[in-house]
Structures are given as C-alpha cells and as structure tokens.
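The structure appears below as structure tokens.
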Amino acid sequence: SNNPDATQGRDMSELWVHDFWGQDISASDSHKSYRPLAVLTLRLNHQLHGLAPWGYHLGNVALHAYCCYCFSTLAGLILARYWQKVAGWKVEEVHWLCSGLFA
C-alpha cells in the first residue's frame with residue numbers, strides 16, 4: 001500500500017524507471033531491484049481488488065497453475081522423446097506422468 005507505482009499513484013510510464021519498491025532506480029539508496037512486470041501485476045491486482053488479499057492470492061494461484069501447466073507440458077514433450085526411444089512409451093503416457101509429478 002506504500003508503493004505509488006503499485007497503487008496507481010503514479011503515471012504508468014514511471015514503472016520503467018523505478019525499482020520494485022517505487023523508488024527512483026538511479027537513487028543512491030535504491031535497492032536496484034528492477035522488476036517492472038511484477039509491479040505491473042501488483043498494479044493490476046490493486047486496480048481489480050484494491051487491498052483485499054483474496055484477489056492477490058487468487059492471482060498467484062492462477063499464475064502458479066499456468067506455470068505448472070507450461071512446465072509439465074514442456075517436460076512431457078522433452079521426456080516423451082527420451083522414453084519413446086528407451087522404453088517404447090507413447091507421448092500421451094509420458095505427458096500424464098509428468099503432469100502428475102510436476103504439478
């Protein structure tokens with residue numbers, strides 16, 4: 001609630017010149033943690049849900065589920081080639097195995 005970049009207290013263009021905490025990145029006491037996409041998602045969450053924690057939790061769970069899906073799909077595709085050669089498994093079998101292991 002103290003970061004004006006995340007709470008829409010500043011212009012959107014200023015996201016690109018501030019650190020994660022909303023301070024000017026060139027300032028000597030800045031943490032130099034440049035994460036504009038993370039601040040952009042916080043700003044979007046604040047716009048949709050205000051400071052209600054359930055909105056942030058819901059967004060994090062959805063993002064985590066999407067990342068798990070992408071990772072398990074990629075792992076399934078990579079391991080499918082290997083297991084198909086070694087054990088004769090089909091792509092679908094390996095994909096479900098990877099989904100269960102990595103999700």
Side-chain angles (χ1 to χ4, degrees):
S1 67
N2 295 329
N3 184 346
D5 285 335
T7 59
Q8 304 165 3
R10 291 191 178 136
D11 190 55
M12 185 77 109
S13 64
E14 294 187 46
L15 287 176
W16 310 107
V17 294
H18 292 148
D19 64 10
F20 182 73
W21 305 105
Q23 213 170 9
D24 190 354
I25 197 90
S26 62
S28 62
D29 58 344
S30 169
H31 288 274
K32 308 289 190 237
S33 55
Y34 183 68
R35 297 180 267 177
L37 294 178
V39 176
L40 187 63
T41 61
L42 290 173
R43 188 178 184 124
L44 178 65
N45 269 322
H46 185 267
Q47 185 177 5
L48 294 173
H49 309 290
L51 294 176
W54 67 268
Y56 294 88
H57 293 303
L58 181 65
N60 284 337
V61 168
L63 184 59
H64 180 75
Y66 177 71
C67 288
C68 286
Y69 169 76
C70 290
F71 180 78
S72 65
T73 300
L74 181 62
L77 292 173
I78 291 170
L79 291 176
R81 292 180 181 171
Y82 172 75
W83 284 110
Q84 196 169 15
K85 290 178 183 176
V86 174
W89 287 10
K90 295 179 181 175
V91 175
E92 295 81 14
E93 294 168 350
V94 176
H95 176 72
W96 286 108
L97 174 68
C98 289
S99 295
L101 290 175
F102 298 116

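One is the number of the first residue; the rest follow in order along the sequence.
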For the backbone of Ser26 and the side chain of Ser30, can you confirm whether one donor and one acceptor N or O come within less than 3.5 Å of each other? no

Determine whether Leu42 and Leu48 fall in the same hydrophobic cluster, where Ile, Leu, Val, Met, Phe, Trp and Tyr are linked whenever their side-chain heavy atoms lie under 4.5 Å apart. no

Over all atoms of both residues, closest heavy-atom pair of Thr41 and Ala38: OG1-O, 2.7 Å

Minimal non-hydrogen separation, Leu51 against His46, with atom names: CD2-CD2, 3.7 Å

Using the test side-chain contact (heavy atoms from CB on, under 4.5 Å), find all partners of Ala65 that sit at least two apart in sequence or belong to another chain. none

Quick check for you: to the nearest 0.5 Å, what is the distance between Trp16 atom CH2 and Leu40 atom CG? 6.0 Å

Can you measure from CD (Gln47) to OG1 (Thr7) and round to the nearest 0.5 angstrom? 11.5 Å

Using the test side-chain contact (heavy atoms from CB on, under 4.5 Å), find all partners of Ala52 that sit at least two apart in sequence or belong to another chain. Trp54

Please report the shortest heavy-atom distance between Asn45 and Tyr56, naming the atom on each side. CB-CE2, 3.3 Å

Closest heavy-atom pair, Asp24 versus Val17, reported as atoms and distance to 0.1 Å, is OD1-O, 3.3 Å

